[in-house]
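A short write-up of the structure that comes next.
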Amino acid sequence: MASILLHLTSSLLLVFVASAGNFYRDVDITWGNDRAKIVGNGQALKLSLDKASGSGFQSKSEYLFAKIDMQIKLVPGNSAGTVTTYYLSSQGPTHDEIDFEFLGNLSGDPYTLHTNVFTQGKGNREQQFHLWFDPTKDFHTYSILWNPQHVIFLVDGIPIRDFKNQERIGVPFPNNQAMRVYSSLWDAEDWATRGGLVKTDWTKAPFIASYQNFIADTCNWSSGTSSCSSSNKAWFRQELDSISLKRLRWVQKNYMIYNYCTDYKRFPGGVPPECRT
Ligand SMILES: *[C@@H]1O[C@H](CO)[C@@H](O)[C@H](O)[C@H]1NC(C)=O
Ligand SMILES: *[C@@H]1O[C@H](CO)[C@@H](O)[C@H](O)[C@H]1NC(C)=O
């Protein structure tokens with residue numbers, strides 16, 4: 001009995017360790033030299049930005065459909081002009097891309113969370129939000145749930161955006177190009193904060209964003225997507241239930257500050273087709 005229990009606990013522990021995320025195992029630092037640092041035993045990663053350069057990393061693996069979680073603590077204090085990106089992208093001129101970008105601000109002024117979805121090389125699907133918490137005080141979980149029918153953006157498990165598969169009305173959906181996770185911290189003082197009116201305060205450099213608990217639950221796409229549909233991965237078929245829909249509407253009503261779907265001036269000939277359904 002005791003040995004069975006011991007066996008059980010040790011295998012549970014293994015599962016936990018295996019899914020806890022290890023930046024040494026899961027990502028490559030691609031930019032910024034020692035401005036990007038994996039710390040501890042690989043549980044944490046820090047990106048920094050100074051006047052000379054920003055920094056960035058990418059996942060070692062590519063994914064075709066996945067549920068990706070990342071916990072991020074954004075640059076605190078006066079972060080005006082800085083941009084922290086966290087996105088999925090494939091390569092080439094007809095690439096797909098699913099973007100989270102965090103635009104910094106003056107101390108006390110809210111960050112802007114900018115989102116976009118590119119399919120077959122075409123984006124122009126921006127939605128922007130303010131957050132209902134201070135994203136610089138603690139780590140918060142930013143997730144992308146990407147399955148054959150939905151791209152759902154979530155913040156602390158609360159859906160903020162649902163890009164649906166609408167191929168039936170001719171809108172391309174990301175479903176045939178594998179994507180990698182990318183993240184970077186860089187300076188965009190020419191446009192990031194209030195359209196470039198507020199510049200970066202370099203006396204506050206280096207600016208630092210912190211990461212932990214990167215977890216990619218994914219399909220083995222080298223053996224075909226059937227490996228996912230035949231598995232018991234709930235996210236592969238997930239869509240928003242009534243409670244999640246209520247939350248999405250709460251965020252969109254109270255925290256959305258820009259939606260391309262209602263920018264009638266930008267699209268005088270009519271908003272894109274996916275906005276009309
Ligand atoms: C910065 O704060 C101002 C004032 O509250 C706000 O209008 C703006 O959306 C915020 N974000 C950025 C990126 O400028
Ligand atoms: C993924 O599928 C390929 C091809 O079927 C197989 O060789 C490989 O071992 C699988 N990898 C995992 C992690 O299951």
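These numbers come from the heavy atoms of this one structure, side chains and all, not from hydrogens, waters or symmetry mates. Order of listing sets the numbers, starting from 1, for every ligand and every atom in it.
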> Would you say the side-chain atoms of Y258 and D263 include a donor-acceptor pair closer than 3.5 Å?
Replying inline: yes

> Are side-chain N/O atoms of Q71 and Q212 paired as donor and acceptor at under 3.5 Å?
Replying inline: yes

> Is a side-chain donor or acceptor of N78 paired with a backbone partner of A80 at a separation under 3.5 angstrom?
Replying inline: yes

> Can you tell me how far the NZ atom of K233 sits from the CZ atom of F65, to the nearest 0.5 Å?
Replying inline: 14.0 Å

> When you look for protein heavy atoms under 4.0 Å from ligand 1, which residues do they belong to?
Replying inline: L103, G104, N105, D109, P110, T112, H130, A192, T193, R194

>> Against R125, only a single residue in T119, D99, N116 fulfils side-chain hydrogen bond (donor to acceptor under 3.5 Å, both in side chains); can you say which?
In response: T119

> What orientation do F133 and Y142 show, parallel under 30°, tilted 30 to 60°, or perpendicular over 60°?
Replying inline: tilted

